[in-house]
Student: 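Structure in structure tokens, see below.
Atoms considered below: every heavy atom in the structure, side chains included; atoms not considered: hydrogens, waters and symmetry mates. Note on naming: letters A, B, ... go to the chains in the order of the sequence lines (proteins, then strands), and numbering restarts at 1 for each one.
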There are 2 protein chains.
Amino acid sequence: MDSEKLAEFYKTLGDKTRLRILSLLKVDERCVCELVEILGISQPTVSQHMRRLKSVHLVKERRQGRWVYYSLDGSLYPFFHSILESLPNPKQELNVSERKMVCD
Amino acid sequence: MDSEKLAEFYKTLGDKTRLRILSLLKVDERCVCELVEILGISQPTVSQHMRRLKSVHLVKERRQGRWVYYSLDGSLYPFFHSILESLPNPKQELNVSERKMVCD
DNA sequence: ACTATAAATTGTCATATGGTTATATATGAA
DNA sequence: TTCATATATAACCATATGACAATTTATAGT
């Protein structure tokens, strides 16, 4: 991978909201509307972030009815698991019942 | 590390020029004036990049006379070596004699 | 076909970024 | 001290970015 593409990749990681999204996707796939609720930002903003994450193949999408579910897709990056490990735990992002589901 | 600081770290990596600098420092420490010549950008621009790289502890500096030599300092990051490995080879950045020195 | 809902796109705005030139600071040599 | 050189900082500018509201597109259900 050349500097240009690699920089694009890191630039995509260089945003607090996108890191939070990746943290959440570590736990489970999510549709846009779920992310909107959990993150407390507007739907278009989430969609833009997902587009960007998708453009560097950090996530992939799965359409199911009206919903588009996003999940991690780091297959391109040999060091992707290192990056994932470095992400903060998403527990605090989730509400009580979700957190319970994650941690049980 | 929280999302905020981690994003700052990746944002610092998210620039082509800074990645080129890190590639070069993989080979050996460099002073600012060397980087100016190799990279073909102005001295203030290099200094700004070095300040930013230093601010997230990706490089450290060593003053020697009038020169400030910068070298890698990824001690903070457990996955730093993974990131370094992903950097493109800096050979093409260097001129013939430098390349010879690096590769011999 | 009509309605409702999920997601994507567009337009706009404030701020951040990466480059430049000009200037200031720091160090070594004469 | 004076001069030369290496580096840092400041001021500026064009472009990129991340947020929002408004709109469009897509899909499911009635």
Student: Please determine whether a side-chain nitrogen or oxygen atom of S42(B) lies at a distance below 4.0 Å from atom OP1 or OP2 of dG19(C).
Tutor: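 Looking at the OP1 and OP2 atoms of dG19(C), neither is under 4.0 Å from any side-chain N or O of S42(B).
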Student: Would you say a side-chain N or O of T45(B) is under 4.0 Å from OP1 or OP2 of dT20(C)?
Tutor: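 Looking at the OP1 and OP2 atoms of dT20(C), one of them is under 4.0 Å from a side-chain N or O of T45(B).
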Student: Distance criterion of 3.5 Å, no angle test: do you see the side chain of Q43(B) paired donor-to-acceptor with the base of dA8(D)?
Tutor: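 Between dA8(D) and Q43(B), which were checked side chain against base, a qualifying N/O pair under 3.5 Å is present.
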Student: It should be established whether T17(B) places a side-chain nitrogen or oxygen under 4.0 Å from OP1 or OP2 of nucleotide dG19(C).
Tutor: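 Checking dG19(C) against T17(B), a side-chain N or O does come within under 4.0 Å of OP1 or OP2.
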Student: Would you mind reading off the distance between L39(A) atom CG and dG18(D) atom P, rounded to a whole angstrom?
Tutor: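 So the CG-P distance, L39(A) to dG18(D), works out to 14 Å.
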Student: Which residues in residues 62-70 of chain B have a heavy atom closer than 4.0 Å to any atom of DNA chain D?
Tutor: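 Under 4.0 Å from DNA chain D: R66(B), W67(B), V68(B), Y70(B).
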Student: So, does R51(B) get its side chain near the phosphate of dT7(D), meaning an N or O under 4.0 Å from OP1 or OP2?
Tutor: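 For dT7(D), OP1/OP2 do not have a side-chain N/O of R51(B) under 4.0 Å.
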Student: Taking the side chain as everything from C-beta on, heavy atoms only, tell me whether D73(B) gets closer than 4.5 Å to L53(B).
Tutor: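 No, their side chains stay 4.5 Å or more apart.
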Student: Measure from CD1 on I41(B) to P on dT7(D) and round the result to the nearest Å.
Tutor: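 It works out to 13 Å between those atoms.
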Student: Would you kindly give the CZ-to-C1' distance between R18(A) and dA19(D), to the nearest whole Å?
Tutor: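 The answer, rounded to whole Å, is 12 Å.
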Student: Which parts of residues 4-15 of chain A get close to DNA chain D, meaning a heavy atom less than 4.0 angstrom away?
Tutor: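 By residue number: K11(A), D15(A).
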Student: Could you tell me how far apart E29(B) (CD) and dT7(D) (C1') are, to the nearest whole angstrom?
Tutor: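 In whole Å, dT7(D) C1' lies 16 Å from E29(B) CD.
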Student: Once you round it to whole Å, what is the distance between P of dT24(D) and CD of Q48(A)?
Tutor: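 To the nearest whole Å, that distance equals 17 Å.
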Student: V32(B) has a side chain; which of dA8(D), dA7(C), dG19(C) sits nearest to it?
Tutor: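 Comparing dA8(D), dA7(C), dG19(C) against the side chain of V32(B), the answer is dA8(D).
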